[in-house]
Amino acid sequence: MRVATWNINSVGARLPRLLEWLESAAPDVLCLQELKSTADAFPYEAVQALGYEVAAHGDGRWNGVAILSRVGLDDVVRGLDGGPDYEGVQEPRAVSATCGPVRVWSVYVPNGREVAHAHYAYKLEWLKALKAAVADDAAGDRPFAVLGDYNVARADTDVWDIKLFEGATHVSALERAAIDELEAGGLAEVMPRALKYDVPFTFWDYRDLGFPKNKGMRIDLVLGNPAFNAAVKDSYVDREARRGKGASDHAPVVVDLEL
DNA sequence: ATGGCTAGCCGTGCTAGA
């Protein structure tokens, strides 16, 4: 089966691209982030017409996550139980579901903005709460993975020029340690293979010709438990989906499993 | 050309993204 994750940067603006990608890549399960729509405003009918069930979790103009599945969609949980508030609100940044033989989480980890910003502390707290929330599934025998936009570049080579990131978020030691901590709960990364370039970046900023110059970052990750990772046959970043007009600033990460 | 940001919102500029 094929499982994928994609930060689509608005499901409304990206709908034609999303439908096209569902048809061409034909994932069995797709985790989406940054819906930028309420759950009610999700384009259910268009997606269902392609054979997918949908679990969406969103509340408006920011954030929002979803899981699309054509192999079953059960035991849906919206939100991150025990997760921190930001400015008094529990933001819609996580949704989980069982899709046939696998259980998946779709996560949109807070950005952090600046190291000194309250959003950064919130990001670290959020990752800590995520570890606690997935502990049982991570340690279980059922194939399990947490897929999404982690907003963390784990290695210096996961950004196009580490010198430009001095003192910035996404590359700081505490953020990287928080991902290591999440893995310590029983998960390990599924590494996508490199395609045109050595590093399989997943994000390229719209500004300053980020994509043509390959000024990218590898921040969309798949963390699986041993049962999930043992079934992995291939993984790649579909950078073709980043090309051209009307693209998201993120590309999908695809994982093929023998399940 | 893979091309100089993009999306959403009561908006006519601002916030957020990373």
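Lettering follows sequence order; numbering is per chain, from 1.
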Parallel, tilted or perpendicular, as decided by the 30° and 60° cut-offs, for the rings of A:Phe203 and A:His250: tilted
hydrophobic_cluster_shared for A:Leu32 and A:Trp62, side chain cutoff 4.5 Å: no
Check against side-chain hydrogen bond (donor to acceptor under 3.5 Å, both in side chains), A:Thr202 and A:Arg218: CA-CA 5 Å; A:Thr202 64; A:Arg218 197 178 75 80; over 6 Å; no
Sugar-phosphate, base or nothing in reach of A:Asn7, heavy atoms under 4.0 Å: sugar-phosphate
Under 4.0 angstrom between A:His250 side-chain N/O and B:dG17 OP1 or OP2: no
Touch class at under 4.0 angstrom, heavy-atom based, for A:Tyr108 against every strand present: sugar-phosphate
Whole-angstrom distance between B:dG4 and B:dC10, as gauged at atom C1': 30 Å
DNA chain B contacts among residues 201-213 of chain A, heavy-atom distance under 4.0 Å: A:Phe203, A:Tyr206, A:Arg207, A:Asp208, A:Leu209, A:Phe211, A:Pro212
Aromatic plane relationship, A:Phe201 with A:Trp204 - under 30° parallel, 30 to 60° tilted, over 60° perpendicular: perpendicular
Watson-Crick or G-U counterpart of B:dG4, or none if no pair lies under 3.5 Å: none
Nearest-Å distance for atom pair CG/C1', residues A:Asn63 and B:dT15: 13 Å
Separation of B:dA7 C1' from A:Lys245 NZ (nearest whole Å): 14 Å
Nucleotide B:dA16, atom P - distance to CG of A:Asn151 in whole Å: 15 Å
Any A:Tyr120 side-chain N or O less than 4.0 Å from OP1/OP2 of B:dA18: no
Sugar-phosphate, base or nothing in reach of A:Thr169, heavy atoms under 4.0 Å: nothing
Check: A:Phe144 ring centroid to A:Phe228 ring centroid under 6.0 Å: no
d(CD, A:Glu91; C1', B:dT15) in whole Å: 13 Å
Inter-nucleotide C1' distance (B:dA1, B:dA7), Å rounded: 25 Å
Whole-Å distance separating the CD atom of A:Glu166 from the C1' atom of B:dA18: 17 Å
Rounded P spacing from B:dG11 to B:dT6 in Å: 24 Å
Sugar-phosphate only, base, or nothing, as touched by A:Asp149 at under 4.0 Å among non-hydrogen atoms: sugar-phosphate
Residue that, paired with A:Val3, satisfies side chain to side chain contact (heavy atoms under 4.5 Å, CB included) out of A:Val232, A:Leu30, A:Leu147, A:Asp28: A:Leu147
Closest-nucleotide ordering on DNA chain B, the 5'-leading residue of A:Ala247 and A:Met217: A:Ala247
Integer-rounded Å distance: B:dT15 P and A:Trp62 CH2: 10 Å
5′-ward residue of the pair A:Gly112/A:Arg239 relative to DNA chain B: A:Arg239
Base-pairing assignment for B:dC10 (Watson-Crick or G-U wobble, both under 3.5 Å): none
Rounded distance in Å - CG (A:Asn111) to P (B:dT6): 19 Å
Hphob cluster co-occupancy, A:Leu19 + A:Tyr52, side-chain heavy atoms under 4.5 angstrom: yes
Sugar-phosphate only, base, or nothing, as touched by A:Glu34 at under 4.0 Å among non-hydrogen atoms: sugar-phosphate
A:Trp126-A:Tyr108 aromatic ring centre distance below 6.0 Å: no
Any A:Arg113 side-chain nitrogen or oxygen under 4.0 Å from OP1 or OP2 of B:dA18: no
Spacing of A:Asp220 atom CG relative to B:dG17 atom P, expressed in whole Å: 15 Å
Phosphate OP1/OP2 of B:dA7 contacted by A:Arg14 side-chain N/O (<4.0 Å): yes
Residue pair A:Glu53 / A:Tyr44, side-chain donor-acceptor N/O under 3.5 Å: no
Phosphate OP1/OP2 of B:dT6 contacted by A:Asn9 side-chain N/O (<4.0 Å): no
